[in-house]
Protein chains: 2
Amino acid sequence: MTEKATPSPEAITAWARLMRVSRELVENAEDRLKESGLPPLAWYDVLHELAEAGEGGLRPFQLIERTLFAQYNISRLLARLEADGLVEKLPVADDGRGQTIRITAKGRETRRRMWAVYGRSIAELVGGKLSADELKMMSALLGRLRDAPVLD
Amino acid sequence: MTEKATPSPEAITAWARLMRVSRELVENAEDRLKESGLPPLAWYDVLHELAEAGEGGLRPFQLIERTLFAQYNISRLLARLEADGLVEKLPVADDGRGQTIRITAKGRETRRRMWAVYGRSIAELVGGKLSADELKMMSALLGRLRDAPVLD
DNA sequence: TCTATATAGATGCAGTTGCATTAACATCGA
DNA sequence: TCGATGTTAATGCAACTGCATCTATATAGA
């Protein structure tokens, strides 16, 4: 594909909207969680992945793949989650370096309470503004922007 | 409008895509700036607004309105920009509390060099992936999500 | 088997953000 | 005019992030 050095006006507008709207929405969702005395979105992301993974749990590097968080970030986030009793770290039988992270009952409960607030945010901030067809259209368009090329 | 507490599957998918794609794109654009030895995107946002504002400059609170940055964040960001000689702070005649921020020649030059990299990112990451019509469609859909309701 | 290299995860340190508060000035109403 | 309240911007402190590095273990190759 021919890569242009200068973006089209349409590309600039779309980019600017995307940047602004996503920041607004994240901020709004974070504010609502905070208002309810709940942990930040990052915690939800991890608890969600772990809940999906079930009793088998996930290795930290698998969480990194799924969530886009940096390695040191996951490492410390898991430490905080463990300190709060929301996850537990288990040794891995066939790899002495690693550990398996499993969500606890308390972790599931926290996730559930976060979802009550977070889900409402999604319903209001997105679901309430666009029709199902429009939402599908937006998902499709955004999907085409995924997997940005890696540098060097 | 009837506010649903539970979001539709379409809303959840659209939200998830929006969160993930926007993070990927920001990260990618930041990485490219860093690779070129240039300052982060936040600097560009401020320099861009100041360049648009021209010689008259802008008050910090105007930057806050335009950029979504928090007050303390702008305060410190401007301090860094000033330390680098990219902006200058001028007293305001009719308001002893305030100051006017004006971009310097060096600031304009830095903005220009950042745009060379940032603009290419936008062209490649967004402009190269969707047609002009699709970009307009996406901008329109995103526009409908703006101005999320403020809490309390 | 033994060394070199790769991978998993943790961490010290510097820089940044978020929160709460503060200082300085402006404005409004009695 | 003066005090109460509001607005503008800065800052101390704690938490968090990014970077680089480190430890521990695994794997591959001579």
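So you know, we letter chains A, B, ... as the sequences are listed, proteins then strands, and number each from 1. Just so it is clear, the values below take in all heavy atoms, side chains as well, and ignore hydrogens, waters and symmetry mates.
- Comparing A:Ala42 and B:Ile64 against DNA chain D, the residue whose closest nucleotide sits nearer the 5' end is B:Ile64.
- Atom C1' of nucleotide C:dA23 and atom CD of B:Gln71 are separated by 12 Å, given to the nearest angstrom.
- Using a 4.0 Å heavy-atom criterion, one finds that B:Arg59 contacts the sugar-phosphate atoms exclusively.
- Nucleic acid contact for B:Gln99: sugar-phosphate only, since backbone atoms but no base atoms lie under 4.0 Å from a heavy atom of the residue.
- A cation-pi arrangement is present between A:Arg23 and B:Phe69, with the terminal nitrogen or guanidinium carbon under 6.0 Å from the aromatic centre and inside a 45° cone about the axis.
- Atoms CG (B:Leu77) and P (D:dA9) sit 14 Å apart, rounded to a whole Å.
- In this structure, A:Arg76 places its CZ atom 14 Å from P of D:dA15, rounding to the nearest Å.
- Along DNA chain D, the nucleotide nearest to A:Arg97 and the one nearest to A:Tyr72 differ in position, and the one closer to the 5' end is contacted by A:Tyr72.
- Taking the charged nitrogens against the carboxylate oxygens, A:Glu52 and A:Arg66 have no contact shorter than 4.0 Å, which rules out a salt bridge.
- Separating the CG atom of B:Asp94 from the C1' atom of D:dT7 is a distance of 14 Å, rounded to the nearest angstrom.
- Ring geometry for B:Tyr44 against B:His48 counts as parallel: the plane angle stays under 30°, on a 0 to 90° scale with 60° as the upper cut.
- With rounding to whole Å, B:Asn73 atom CG is found 14 Å from D:dA9 atom C1'.
- Note: CZ (A:Arg80) to P (C:dT11) measures 13 Å, nearest angstrom.
- The nearest whole Å value for the distance from the CG atom in A:Leu63 to the P atom in C:dG9 is 9 Å.
- Without hydrogens or angle criteria, B:Arg144 side chain to A:Lys129 main chain gives a donor-acceptor distance under 3.5 Å.
- One finds a side-chain N or O of B:Lys89 lying less than 4.0 angstrom from the OP1 or OP2 phosphate oxygen of D:dA10.
- Rounded to an integer number of Å, the gap from NZ of A:Lys34 to C1' of C:dG18 is 7 Å.
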